[in-house]
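Quick notes on the structure that follows.
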There are 2 protein chains.
Amino acid sequence: MIRRLSQARERGIPEATVARLPLYLRALNGMSERGLATVSSEDLALAAGVNSAKLRKDLSHLGSYGTRGVGYDVEYLIYQISRELGLTQDWAVAIVGVGNLGRALANYGGFVSRGFRVAALLDADPEVVGDRIAGLNVEHIDELEAVIRRRGVSIVVLATPAAAAQQVADRVIAEGITSILNFAPVVLSVPEGVDIRKVDLSIELQILAFHEQRKTDRMTGGPAMAEEWPEAVDL
Amino acid sequence: MIRRLSQARERGIPEATVARLPLYLRALNGMSERGLATVSSEDLALAAGVNSAKLRKDLSHLGSYGTRGVGYDVEYLIYQISRELGLTQDWAVAIVGVGNLGRALANYGGFVSRGFRVAALLDADPEVVGDRIAGLNVEHIDELEAVIRRRGVSIVVLATPAAAAQQVADRVIAEGITSILNFAPVVLSVPEGVDIRKVDLSIELQILAFHEQRKTDRMTGGPAMAEEWPEAVDL
DNA sequence: CCCACTTTGTGCATCGGTTCACAAAGGGAC
DNA sequence: GTCCCTTTGTGAACCGATGCACAAAGTGGG
(Lines give C-alpha, C1' and ligand atoms only; values in the text may rest on other atoms or scores of the structure.)
Protein backbone atom coordinates (compact mmCIF):
# COMPACT_ATOMS: atom_id res chain seq x y z
CA MET A 1 0.00 0.00 0.00
CA ILE A 2 1.43 3.28 -1.11
CA ARG A 3 1.26 6.04 1.50
CA ARG A 4 0.68 8.97 -0.80
CA LEU A 5 0.13 11.31 2.12
CA SER A 6 3.67 11.24 3.35
CA GLN A 7 4.94 12.33 -0.02
CA ALA A 8 3.90 15.90 0.69
CA ARG A 9 3.91 16.22 4.46
CA GLU A 10 6.61 13.89 5.65
CA ARG A 11 8.63 15.92 8.17
CA GLY A 12 9.33 19.45 7.22
CA ILE A 13 7.49 22.39 5.78
CA PRO A 14 9.78 25.01 4.22
CA GLU A 15 10.49 27.89 6.57
CA ALA A 16 9.27 30.43 4.02
CA THR A 17 5.95 28.60 3.89
CA VAL A 18 5.59 28.53 7.67
CA ALA A 19 6.09 32.29 7.76
CA ARG A 20 3.18 32.77 5.37
CA LEU A 21 0.69 30.38 6.93
CA PRO A 22 -0.38 32.93 9.58
CA LEU A 23 -1.11 35.35 6.75
CA TYR A 24 -3.37 32.87 5.02
CA LEU A 25 -5.03 32.07 8.28
CA ARG A 26 -5.86 35.71 8.92
CA ALA A 27 -7.28 36.14 5.44
CA LEU A 28 -9.34 32.97 5.84
CA ASN A 29 -10.73 34.12 9.17
CA GLY A 30 -11.91 37.30 7.52
CA MET A 31 -13.62 35.27 4.82
CA SER A 32 -15.19 32.97 7.36
CA GLU A 33 -16.68 35.96 9.17
CA ARG A 34 -18.08 37.20 5.90
CA GLY A 35 -19.74 33.83 5.47
CA LEU A 36 -17.78 32.54 2.49
CA ALA A 37 -17.85 28.75 2.21
CA THR A 38 -15.12 28.16 -0.35
CA VAL A 39 -12.31 30.21 -1.86
CA SER A 40 -10.06 29.80 -4.87
CA SER A 41 -6.28 30.03 -4.64
CA GLU A 42 -6.54 33.15 -6.77
CA ASP A 43 -8.82 34.98 -4.34
CA LEU A 44 -7.05 33.84 -1.20
CA ALA A 45 -3.70 34.78 -2.66
CA LEU A 46 -5.01 38.24 -3.45
CA ALA A 47 -6.27 38.69 0.10
CA ALA A 48 -2.98 37.55 1.55
CA GLY A 49 -0.90 39.63 -0.83
CA VAL A 50 0.97 36.79 -2.52
CA ASN A 51 1.12 35.08 -5.88
CA SER A 52 -1.45 32.30 -6.40
CA ALA A 53 1.10 29.70 -7.52
CA LYS A 54 3.04 30.28 -4.35
CA LEU A 55 -0.10 29.93 -2.27
CA ARG A 56 -0.96 26.62 -3.89
CA LYS A 57 2.52 25.30 -3.42
CA ASP A 58 2.50 26.39 0.21
CA LEU A 59 -0.78 24.64 0.89
CA SER A 60 0.35 21.54 -0.95
CA HIS A 61 3.01 21.12 1.72
CA LEU A 62 0.31 20.54 4.31
CA GLY A 63 -1.57 18.05 2.23
CA SER A 64 -4.05 18.02 -0.63
CA TYR A 65 -6.92 19.95 0.85
CA GLY A 66 -8.41 21.63 -2.21
CA THR A 67 -10.95 20.47 -4.74
CA ARG A 68 -10.06 21.01 -8.38
CA GLY A 69 -12.59 23.10 -10.20
CA VAL A 70 -13.90 24.46 -6.89
CA GLY A 71 -11.23 25.72 -4.54
CA TYR A 72 -10.67 25.30 -0.81
CA ASP A 73 -13.27 24.89 1.89
CA VAL A 74 -12.74 27.89 4.13
CA GLU A 75 -13.51 26.28 7.49
CA TYR A 76 -11.63 23.12 6.76
CA LEU A 77 -8.57 25.02 5.64
CA ILE A 78 -8.69 27.20 8.75
CA TYR A 79 -8.72 24.03 10.80
CA GLN A 80 -5.84 22.45 8.94
CA ILE A 81 -3.61 25.51 9.08
CA SER A 82 -4.43 26.11 12.74
CA ARG A 83 -3.55 22.56 13.56
CA GLU A 84 -0.34 22.70 11.59
CA LEU A 85 0.70 25.89 13.37
CA GLY A 86 -0.18 24.41 16.72
CA LEU A 87 -2.99 26.83 17.46
CA THR A 88 -5.46 24.16 18.44
CA GLN A 89 -3.75 23.97 21.80
CA ASP A 90 -3.25 27.14 23.77
CA TRP A 91 0.12 28.55 24.64
CA ALA A 92 0.95 30.29 27.88
CA VAL A 93 3.11 33.33 27.18
CA ALA A 94 5.14 35.29 29.72
CA ILE A 95 6.11 38.88 29.02
CA VAL A 96 9.29 40.01 30.73
CA GLY A 97 9.75 43.76 30.97
CA VAL A 98 6.69 45.90 31.53
CA GLY A 99 7.86 49.21 30.14
CA ASN A 100 5.99 51.00 27.41
CA LEU A 101 6.43 48.15 25.00
CA GLY A 102 5.64 45.35 27.41
CA ARG A 103 2.49 47.16 28.42
CA ALA A 104 1.50 47.59 24.79
CA LEU A 105 2.04 43.89 24.16
CA ALA A 106 0.07 42.87 27.24
CA ASN A 107 -2.88 44.92 26.07
CA TYR A 108 -2.61 43.88 22.45
CA GLY A 109 -5.90 42.16 21.66
CA GLY A 110 -4.77 40.16 18.63
CA PHE A 111 -2.58 38.27 21.03
CA VAL A 112 -5.19 36.29 22.81
CA SER A 113 -7.35 35.84 19.76
CA ARG A 114 -6.00 32.49 18.64
CA GLY A 115 -4.17 30.08 20.84
CA PHE A 116 -2.12 32.51 22.88
CA ARG A 117 -2.73 33.59 26.44
CA VAL A 118 -0.65 36.08 28.39
CA ALA A 119 -0.04 34.08 31.55
CA ALA A 120 2.45 36.30 33.35
CA LEU A 121 4.01 39.75 33.42
CA LEU A 122 7.37 40.24 35.10
CA ASP A 123 9.61 43.20 35.78
CA ALA A 124 12.63 44.13 37.88
CA ASP A 125 11.44 47.61 38.83
CA PRO A 126 9.78 47.53 42.29
CA GLU A 127 7.82 50.59 41.16
CA VAL A 128 5.76 48.58 38.67
CA VAL A 129 5.73 45.20 40.46
CA GLY A 130 2.25 44.73 41.86
CA ASP A 131 0.59 46.90 39.20
CA ARG A 132 -2.43 45.41 37.51
CA ILE A 133 -2.13 45.42 33.70
CA ALA A 134 -4.53 43.76 31.32
CA GLY A 135 -6.01 41.85 34.24
CA LEU A 136 -2.68 40.51 35.43
CA ASN A 137 -0.52 41.24 38.40
CA VAL A 138 3.02 42.28 37.56
CA GLU A 139 5.39 39.95 39.37
CA HIS A 140 8.99 40.42 40.39
CA ILE A 141 11.69 39.03 38.14
CA ASP A 142 12.99 37.00 41.06
CA GLU A 143 9.88 34.88 40.61
CA LEU A 144 10.77 34.13 36.99
CA GLU A 145 11.61 30.45 37.34
CA ALA A 146 8.75 29.75 39.73
CA VAL A 147 6.21 31.52 37.53
CA ILE A 148 7.32 29.71 34.39
CA ARG A 149 6.97 26.38 36.09
CA ARG A 150 3.74 27.13 37.91
CA ARG A 151 1.86 28.56 34.91
CA GLY A 152 3.21 26.15 32.30
CA VAL A 153 4.74 28.96 30.27
CA SER A 154 6.26 27.76 27.00
CA ILE A 155 6.89 31.00 25.11
CA VAL A 156 8.69 34.00 26.57
CA VAL A 157 8.53 37.51 25.18
CA LEU A 158 11.50 39.72 26.04
CA ALA A 159 10.62 43.40 26.26
CA THR A 160 13.41 44.33 28.64
CA PRO A 161 16.17 46.90 28.15
CA ALA A 162 18.98 45.63 25.95
CA ALA A 163 21.33 45.19 28.88
CA ALA A 164 19.04 42.74 30.69
CA ALA A 165 17.91 40.61 27.77
CA GLN A 166 20.74 38.10 27.63
CA GLN A 167 20.60 37.46 31.34
CA VAL A 168 16.86 36.85 31.29
CA ALA A 169 17.23 34.64 28.24
CA ASP A 170 19.81 32.51 30.02
CA ARG A 171 17.51 32.06 32.97
CA VAL A 172 14.42 31.07 31.01
CA ILE A 173 16.43 28.70 28.82
CA ALA A 174 17.81 27.06 31.95
CA GLU A 175 14.20 26.59 32.95
CA GLY A 176 13.53 24.67 29.73
CA ILE A 177 12.06 27.40 27.53
CA THR A 178 12.98 26.93 23.86
CA SER A 179 10.91 29.64 22.15
CA ILE A 180 11.69 33.31 22.64
CA LEU A 181 10.39 36.42 20.96
CA ASN A 182 12.95 39.16 21.49
CA PHE A 183 12.20 42.88 21.24
CA ALA A 184 15.44 44.00 22.85
CA PRO A 185 18.00 45.36 20.39
CA VAL A 186 20.71 42.79 21.07
CA VAL A 187 21.91 39.61 19.43
CA LEU A 188 21.14 36.88 21.92
CA SER A 189 23.45 33.94 22.06
CA VAL A 190 21.58 30.76 22.83
CA PRO A 191 22.30 27.04 22.67
CA GLU A 192 21.30 24.80 19.79
CA GLY A 193 17.63 23.96 19.77
CA VAL A 194 16.36 27.25 21.12
CA ASP A 195 14.29 29.29 18.65
CA ILE A 196 14.69 33.02 18.77
CA ARG A 197 12.63 35.43 16.74
CA LYS A 198 13.64 39.04 16.80
CA VAL A 199 11.57 42.15 16.25
CA ASP A 200 13.66 45.25 15.94
CA LEU A 201 12.04 48.57 15.28
CA SER A 202 15.16 50.51 14.56
CA ILE A 203 16.40 47.94 12.06
CA GLU A 204 13.14 48.18 10.16
CA LEU A 205 13.43 51.95 10.06
CA GLN A 206 16.99 51.76 8.82
CA ILE A 207 15.99 49.47 5.99
CA LEU A 208 13.26 51.91 5.01
CA ALA A 209 15.72 54.78 5.16
CA PHE A 210 18.05 52.94 2.81
CA HIS A 211 15.37 52.56 0.17
CA GLU A 212 14.04 56.05 0.75
CA GLN A 213 17.49 57.45 0.16
CA ARG A 214 17.85 55.50 -3.05
CA LYS A 215 14.54 56.83 -4.28
CA THR A 216 15.34 60.46 -3.55
CA ASP A 217 18.88 60.05 -4.90
CA ARG A 218 17.43 58.94 -8.19
CA MET A 219 15.24 62.03 -8.30
CA THR A 220 17.99 64.52 -7.56
CA GLY A 221 21.70 63.79 -7.65
CA GLY A 222 21.55 60.45 -9.36
CA PRO A 223 24.22 57.79 -9.59
CA ALA A 224 27.01 60.13 -10.62
CA MET A 225 27.44 61.65 -7.16
CA ALA A 226 27.73 58.26 -5.54
CA GLU A 227 31.29 58.74 -4.33
CA GLU A 228 31.32 61.80 -2.15
CA TRP A 229 33.06 60.54 0.95
CA PRO A 230 36.01 62.53 2.28
CA GLU A 231 39.21 60.53 1.84
CA ALA A 232 39.17 57.03 0.38
CA VAL A 233 40.29 56.96 -3.19
CA ASP A 234 39.93 53.40 -4.43
CA LEU A 235 42.13 52.60 -7.43
CA MET B 1 40.73 53.83 -17.21
CA ILE B 2 38.99 50.95 -15.57
CA ARG B 3 36.47 51.88 -12.91
CA ARG B 4 37.02 48.99 -10.58
CA LEU B 5 34.82 50.57 -7.92
CA SER B 6 31.61 50.17 -9.85
CA GLN B 7 32.21 46.47 -10.13
CA ALA B 8 31.06 46.04 -6.56
CA ARG B 9 28.78 48.97 -5.84
CA GLU B 10 27.15 49.80 -9.14
CA ARG B 11 23.45 50.14 -8.39
CA GLY B 12 22.07 47.60 -6.07
CA ILE B 13 23.00 45.96 -2.83
CA PRO B 14 21.21 42.63 -2.27
CA GLU B 15 18.15 42.99 -0.09
CA ALA B 16 19.42 40.36 2.34
CA THR B 17 22.58 42.39 2.80
CA VAL B 18 20.69 45.63 3.43
CA ALA B 19 18.72 43.88 6.16
CA ARG B 20 21.95 42.94 7.93
CA LEU B 21 23.79 46.24 7.68
CA PRO B 22 21.96 47.71 10.70
CA LEU B 23 23.09 44.71 12.68
CA TYR B 24 26.71 45.29 11.78
CA LEU B 25 26.31 48.95 12.55
CA ARG B 26 25.02 48.24 16.02
CA ALA B 27 27.86 45.83 16.74
CA LEU B 28 30.39 48.36 15.46
CA ASN B 29 28.96 51.11 17.63
CA GLY B 30 29.42 48.90 20.64
CA MET B 31 33.03 48.31 19.67
CA SER B 32 33.61 51.98 19.07
CA GLU B 33 32.38 52.76 22.57
CA ARG B 34 34.74 50.17 23.95
CA GLY B 35 37.56 51.96 22.14
CA LEU B 36 38.45 49.30 19.57
CA ALA B 37 40.22 50.73 16.55
CA THR B 38 40.04 47.81 14.13
CA VAL B 39 38.08 44.58 13.94
CA SER B 40 38.41 41.41 11.90
CA SER B 41 35.53 39.95 9.93
CA GLU B 42 35.64 37.00 12.29
CA ASP B 43 35.09 39.09 15.41
CA LEU B 44 32.50 41.38 13.87
CA ALA B 45 30.59 38.43 12.48
CA LEU B 46 30.55 36.85 15.91
CA ALA B 47 29.20 40.02 17.50
CA ALA B 48 26.50 40.34 14.85
CA GLY B 49 25.56 36.69 15.00
CA VAL B 50 26.40 35.77 11.41
CA ASN B 51 28.97 33.73 9.52
CA SER B 52 32.20 35.55 8.69
CA ALA B 53 32.14 34.73 4.98
CA LYS B 54 28.70 36.24 4.74
CA LEU B 55 29.84 39.35 6.55
CA ARG B 56 32.76 39.83 4.18
CA LYS B 57 30.58 39.36 1.14
CA ASP B 58 28.05 41.82 2.55
CA LEU B 59 30.69 44.46 3.15
CA SER B 60 32.25 43.85 -0.24
CA HIS B 61 29.01 45.08 -1.78
CA LEU B 62 29.64 48.54 -0.35
CA GLY B 63 33.22 48.69 -1.51
CA SER B 64 36.61 47.43 -0.47
CA TYR B 65 36.97 48.97 2.96
CA GLY B 66 39.07 46.38 4.75
CA THR B 67 42.82 45.87 4.96
CA ARG B 68 44.09 42.36 4.38
CA GLY B 69 46.02 41.02 7.28
CA VAL B 70 44.50 43.63 9.58
CA GLY B 71 40.74 43.90 9.36
CA TYR B 72 38.36 46.85 9.19
CA ASP B 73 38.80 50.28 10.74
CA VAL B 74 35.87 50.56 13.13
CA GLU B 75 35.13 54.28 12.75
CA TYR B 76 35.56 54.27 9.03
CA LEU B 77 33.27 51.31 8.61
CA ILE B 78 30.65 52.92 10.83
CA TYR B 79 30.80 55.95 8.61
CA GLN B 80 30.49 53.94 5.41
CA ILE B 81 27.58 51.83 6.56
CA SER B 82 25.80 54.86 8.01
CA ARG B 83 26.16 56.69 4.76
CA GLU B 84 24.99 53.73 2.74
CA LEU B 85 21.92 53.36 4.91
CA GLY B 86 21.19 57.05 4.68
CA LEU B 87 21.71 57.74 8.36
CA THR B 88 23.97 60.72 7.81
CA GLN B 89 20.89 62.77 7.11
CA ASP B 90 18.06 62.80 9.60
CA TRP B 91 14.62 61.47 8.86
CA ALA B 92 11.42 62.96 10.18
CA VAL B 93 9.06 60.19 11.26
CA ALA B 94 5.35 60.54 11.96
CA ILE B 95 3.58 58.02 14.17
CA VAL B 96 -0.10 57.58 13.43
CA GLY B 97 -2.11 55.99 16.20
CA VAL B 98 -1.20 56.75 19.78
CA GLY B 99 -2.57 53.72 21.55
CA ASN B 100 -0.39 51.54 23.73
CA LEU B 101 1.88 50.66 20.88
CA GLY B 102 2.17 54.14 19.40
CA ARG B 103 3.04 55.45 22.84
CA ALA B 104 5.68 52.78 23.28
CA LEU B 105 7.20 53.66 19.93
CA ALA B 106 7.19 57.38 20.68
CA ASN B 107 9.09 56.78 23.89
CA TYR B 108 11.45 54.22 22.42
CA GLY B 109 14.90 55.70 22.86
CA GLY B 110 16.73 53.70 20.21
CA PHE B 111 14.57 55.51 17.73
CA VAL B 112 16.17 58.88 17.90
CA SER B 113 19.66 57.52 18.40
CA ARG B 114 20.78 57.50 14.80
CA GLY B 115 19.20 59.55 12.08
CA PHE B 116 15.56 59.28 13.10
CA ARG B 117 13.47 61.93 14.78
CA VAL B 118 9.84 61.52 15.81
CA ALA B 119 8.39 64.67 14.28
CA ALA B 120 4.67 64.13 14.82
CA LEU B 121 2.11 62.04 16.67
CA LEU B 122 -1.41 61.78 15.31
CA ASP B 123 -4.60 60.12 16.46
CA ALA B 124 -8.32 60.15 15.70
CA ASP B 125 -9.50 59.91 19.31
CA PRO B 126 -10.33 63.39 20.68
CA GLU B 127 -9.56 61.97 24.11
CA VAL B 128 -5.85 61.72 23.39
CA VAL B 129 -5.47 64.63 20.95
CA GLY B 130 -3.64 67.38 22.80
CA ASP B 131 -1.85 65.01 25.15
CA ARG B 132 1.85 65.54 25.50
CA ILE B 133 3.88 62.37 24.85
CA ALA B 134 7.64 62.18 24.63
CA GLY B 135 7.76 65.95 24.33
CA LEU B 136 5.29 66.10 21.47
CA ASN B 137 1.73 67.28 21.17
CA VAL B 138 -0.66 64.68 19.82
CA GLU B 139 -2.41 66.16 16.80
CA HIS B 140 -5.71 65.27 15.21
CA ILE B 141 -5.70 62.96 12.24
CA ASP B 142 -7.46 65.64 10.20
CA GLU B 143 -4.17 67.50 10.27
CA LEU B 144 -2.35 64.55 8.69
CA GLU B 145 -1.62 66.08 5.30
CA ALA B 146 -0.73 69.47 6.72
CA VAL B 147 1.60 67.99 9.34
CA ILE B 148 3.41 65.80 6.83
CA ARG B 149 4.05 68.76 4.59
CA ARG B 150 4.92 71.23 7.33
CA ARG B 151 7.40 68.99 9.17
CA GLY B 152 8.96 67.39 6.13
CA VAL B 153 7.94 63.90 7.21
CA SER B 154 9.27 61.18 4.94
CA ILE B 155 8.60 57.99 6.90
CA VAL B 156 5.26 57.10 8.44
CA VAL B 157 4.71 54.53 11.17
CA LEU B 158 1.22 53.05 11.30
CA ALA B 159 0.18 51.99 14.79
CA THR B 160 -3.55 52.32 14.21
CA PRO B 161 -6.24 49.69 14.58
CA ALA B 162 -6.38 47.30 11.63
CA ALA B 163 -9.55 48.87 10.28
CA ALA B 164 -8.00 52.32 9.91
CA ALA B 165 -4.62 51.38 8.48
CA GLN B 166 -5.47 51.17 4.79
CA GLN B 167 -7.27 54.49 4.84
CA VAL B 168 -4.38 56.26 6.55
CA ALA B 169 -1.93 54.62 4.16
CA ASP B 170 -3.89 55.90 1.17
CA ARG B 171 -3.83 59.42 2.57
CA VAL B 172 -0.11 59.56 3.33
CA ILE B 173 0.74 58.00 -0.03
CA ALA B 174 -1.36 60.64 -1.75
CA GLU B 175 0.76 63.16 0.12
CA GLY B 176 3.90 61.68 -1.44
CA ILE B 177 5.08 59.34 1.31
CA THR B 178 6.78 56.23 -0.07
CA SER B 179 8.09 54.54 3.08
CA ILE B 180 5.74 53.03 5.61
CA LEU B 181 6.33 50.87 8.66
CA ASN B 182 3.10 49.03 9.40
CA PHE B 183 2.23 47.54 12.79
CA ALA B 184 -1.43 47.00 12.00
CA PRO B 185 -2.33 43.37 11.26
CA VAL B 186 -3.55 43.90 7.71
CA VAL B 187 -2.13 43.46 4.24
CA LEU B 188 -1.91 46.97 2.85
CA SER B 189 -2.38 47.41 -0.84
CA VAL B 190 -0.20 50.17 -2.18
CA PRO B 191 0.92 51.36 -5.60
CA GLU B 192 4.25 50.44 -7.19
CA GLY B 193 7.18 52.31 -5.72
CA VAL B 194 5.90 52.50 -2.16
CA ASP B 195 7.92 50.48 0.35
CA ILE B 196 6.04 48.80 3.13
CA ARG B 197 7.65 46.99 6.00
CA LYS B 198 5.43 45.03 8.29
CA VAL B 199 5.89 44.11 11.92
CA ASP B 200 3.34 41.64 13.12
CA LEU B 201 3.49 40.34 16.64
CA SER B 202 0.92 37.63 16.28
CA ILE B 203 2.59 36.23 13.17
CA GLU B 204 5.88 35.96 15.02
CA LEU B 205 4.18 34.12 17.85
CA GLN B 206 2.50 31.73 15.47
CA ILE B 207 5.80 30.89 13.84
CA LEU B 208 7.27 30.18 17.26
CA ALA B 209 4.28 28.04 18.15
CA PHE B 210 4.80 25.98 15.01
CA HIS B 211 8.37 25.14 15.93
CA GLU B 212 7.54 24.65 19.58
CA GLN B 213 4.88 22.14 18.61
CA ARG B 214 7.32 20.28 16.42
CA LYS B 215 9.79 20.08 19.26
CA THR B 216 7.32 18.77 21.81
CA ASP B 217 5.84 16.37 19.24
CA ARG B 218 9.24 14.84 18.75
CA MET B 219 9.54 14.34 22.50
CA THR B 220 6.17 12.70 23.00
CA GLY B 221 3.95 11.39 20.23
CA GLY B 222 6.38 11.52 17.38
CA PRO B 223 5.72 11.32 13.68
CA ALA B 224 3.44 8.30 13.81
CA MET B 225 0.50 10.19 15.24
CA ALA B 226 0.71 12.82 12.55
CA GLU B 227 -2.73 12.12 11.07
CA GLU B 228 -5.25 12.56 13.83
CA TRP B 229 -7.76 14.90 12.28
CA PRO B 230 -11.43 13.89 12.40
CA GLU B 231 -12.61 13.05 8.89
CA ALA B 232 -10.32 13.38 5.88
CA VAL B 233 -9.01 10.05 4.78
CA ASP B 234 -6.59 10.66 1.93
CA LEU B 235 -6.04 7.57 -0.19
C1' DC C 1 -22.58 9.96 -20.75
C1' DC C 2 -19.87 13.34 -22.80
C1' DC C 3 -17.99 17.80 -23.30
C1' DA C 4 -16.62 22.35 -21.90
C1' DC C 5 -14.94 24.83 -18.17
C1' DT C 6 -12.65 25.72 -13.79
C1' DT C 7 -9.11 25.22 -10.57
C1' DT C 8 -5.75 22.48 -8.18
C1' DG C 9 -1.20 20.34 -7.62
C1' DT C 10 3.41 20.05 -9.37
C1' DG C 11 7.61 19.43 -12.69
C1' DC C 12 10.91 22.38 -14.19
C1' DA C 13 13.64 26.41 -15.11
C1' DT C 14 15.35 30.27 -12.74
C1' DC C 15 16.93 33.27 -9.25
C1' DG C 16 18.86 35.08 -5.11
C1' DG C 17 21.42 33.94 -1.19
C1' DT C 18 24.75 31.10 1.51
C1' DT C 19 28.94 28.70 2.22
C1' DC C 20 33.35 26.86 1.14
C1' DA C 21 37.83 27.37 0.05
C1' DC C 22 41.59 29.80 -1.79
C1' DA C 23 44.32 33.28 -4.30
C1' DA C 24 45.64 37.99 -3.61
C1' DA C 25 47.16 41.56 -0.60
C1' DG C 26 49.00 43.70 3.15
C1' DG C 27 51.94 43.81 7.75
C1' DG C 28 55.88 42.84 10.47
C1' DA C 29 60.25 40.56 11.67
C1' DC C 30 64.75 39.97 10.51
C1' DG D 1 64.21 43.04 0.42
C1' DT D 2 62.43 38.57 1.54
C1' DC D 3 59.68 35.43 4.00
C1' DC D 4 55.94 34.19 6.84
C1' DC D 5 51.68 35.17 8.91
C1' DT D 6 47.08 37.09 8.93
C1' DT D 7 42.94 38.40 6.89
C1' DT D 8 40.35 40.11 3.05
C1' DG D 9 37.66 39.66 -1.24
C1' DT D 10 35.57 36.54 -4.42
C1' DG D 11 34.86 32.46 -7.83
C1' DA D 12 32.17 28.60 -7.82
C1' DA D 13 29.24 24.99 -6.01
C1' DC D 14 25.21 24.46 -3.55
C1' DC D 15 20.66 25.15 -1.60
C1' DG D 16 16.13 26.84 -0.95
C1' DA D 17 12.47 29.61 -2.81
C1' DT D 18 9.83 31.57 -6.70
C1' DG D 19 6.99 31.54 -10.69
C1' DC D 20 5.57 29.64 -15.06
C1' DA D 21 2.88 26.65 -17.38
C1' DC D 22 0.39 22.53 -17.88
C1' DA D 23 -1.55 17.94 -16.98
C1' DA D 24 -4.77 15.93 -13.83
C1' DA D 25 -9.02 16.14 -11.50
C1' DG D 26 -13.20 17.69 -10.47
C1' DT D 27 -18.01 20.29 -11.63
C1' DG D 28 -22.08 21.29 -14.20
C1' DG D 29 -24.94 21.48 -18.36
C1' DG D 30 -27.18 19.29 -21.94
Side-chain angles (χ1 to χ4, degrees), chain A residues 4-21 23-24 28 31 36-74 76-77 80-81 207 232-235, chain B residues 2 4-21 23-24 28 31 36-74 76-77 80-81 207 232 234-235:
Chain A
R4 190 71 65 88
L5 170 72
S6 302
Q7 215 169 26
R9 288 191 65 251
E10 61 166 73
R11 292 307 97 193
I13 294 173
E15 195 53 38
T17 296
V18 173
R20 282 187 296 265
L21 289 179
L23 228 55
Y24 304 153
L28 284 164
M31 290 168 175
L36 286 168
T38 64
V39 63
S40 70
S41 63
E42 199 67 51
D43 291 349
L44 182 52
L46 190 70
V50 302
N51 166 317
S52 74
K54 181 149 57 183
L55 173 95
R56 288 198 299 276
K57 186 153 286 185
D58 282 344
L59 294 185
S60 78
H61 287 116
L62 316 191
S64 195
Y65 297 145
T67 307
R68 296 175 193 228
V70 178
Y72 300 89
D73 182 281
V74 172
Y76 186 53
L77 197 50
Q80 290 299 343
I81 295 178
I207 296 170
V233 183
D234 39 23
L235 328 195
Chain B
I2 300 151
R4 191 71 64 87
L5 168 71
S6 303
Q7 216 168 28
R9 288 190 64 251
E10 60 164 71
R11 293 304 98 195
I13 294 172
E15 194 54 37
T17 296
V18 173
R20 281 186 296 265
L21 290 179
L23 228 55
Y24 304 152
L28 284 164
M31 290 168 174
L36 286 169
T38 63
V39 64
S40 71
S41 64
E42 200 66 51
D43 291 351
L44 182 51
L46 189 71
V50 303
N51 165 317
S52 75
K54 180 148 61 182
L55 174 94
R56 287 198 300 278
K57 185 150 286 186
D58 282 345
L59 294 184
S60 78
H61 287 117
L62 318 191
S64 194
Y65 298 143
T67 307
R68 296 174 194 227
V70 177
Y72 300 88
D73 181 281
V74 172
Y76 187 53
L77 197 50
Q80 290 299 344
I81 295 179
I207 296 170
D234 41 22
L235 325 198

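Chain letters run A, B, ... following the sequence lines, proteins first, then strands; residues in each count from 1.
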Does the side chain of Leu59(A) come within less than 4.5 Å of Ile81(A)'s, by heavy atoms? yes
Any residue in residues 66-74 of chain B with a heavy atom nearer than 4.0 angstrom to DNA chain D? Just list them by number, or reply none. Gly66(B), Thr67(B), Arg68(B), Gly69(B), Val70(B), Gly71(B), Tyr72(B)
Residue met sooner reading DNA chain D from 5', once Val39(B) and Pro14(A) are mapped to nucleotides: Val39(B)
Over how many whole Å does the gap from Tyr65(A) atom OH to dG26(D) atom P extend? 16 Å
If you apply the rule side chain to side chain contact (heavy atoms under 4.5 Å, CB included), what do you find for Thr67(A) with Thr38(A), and how did you get there? CA-CA 10 Å; Thr67(A) 307; Thr38(A) 64; over 6 Å; no
Rounded interatomic separation in angstrom, taking CG from Asp43(B) and C1' from dT6(D): 13 Å
May I have the distance from Glu15(B) (atom CD) to dT18(D) (atom P), rounded to whole angstrom? 14 Å
Separation of Tyr24(A) atom OH from dT8(C) atom P, in whole Å? 13 Å
Between Asp43(B) and Leu36(B), is there a side-chain heavy-atom distance shorter than 4.5 Å? no
Starting at CG of Asn51(A), measure out to CG of Leu46(A) and round the result to the nearest 0.5 Å. 11.0 Å
N or O in side chain of Ser40(A) less than 4.0 angstrom from dT7(C) OP1/OP2: no
Are any of Ser41(B)'s side-chain N or O atoms less than 4.0 Å away from OP1 or OP2 of dT7(D)? no
Partner set under salt bridge (charged side-chain N to carboxylate O under 4.0 Å, His left out) for Arg20(B), not counting sequence neighbours: Asp58(B)
What's the spacing between Arg56(A) CZ and Ser40(A) OG if we round to 0.5 Å? 9.0 Å
What closest approach, in Å, do Gln80(B) and Tyr65(B) show between heavy atoms, and which atom pair accounts for it? OE1-OH, 3.2 Å
Expected list for residues 47-59 of chain A near DNA chain D, using heavy atoms below 4.0 Å, is Asn51(A), Ala53(A), Lys54(A), Arg56(A), Lys57(A)
Using atom CD of Glu42(B) as one end and atom P of dT8(D) as the other, report the distance to the nearest whole Å. 8 Å
Spatial distance of atom CG (Leu44(B)) from atom OH (Tyr24(B)) [nearest 0.5 Å]: 7.5 Å
Counting only heavy atoms from other residues, nucleotides and ligands, does the tally under 6.0 Å from CD of Glu15(A) exceed 12? yes
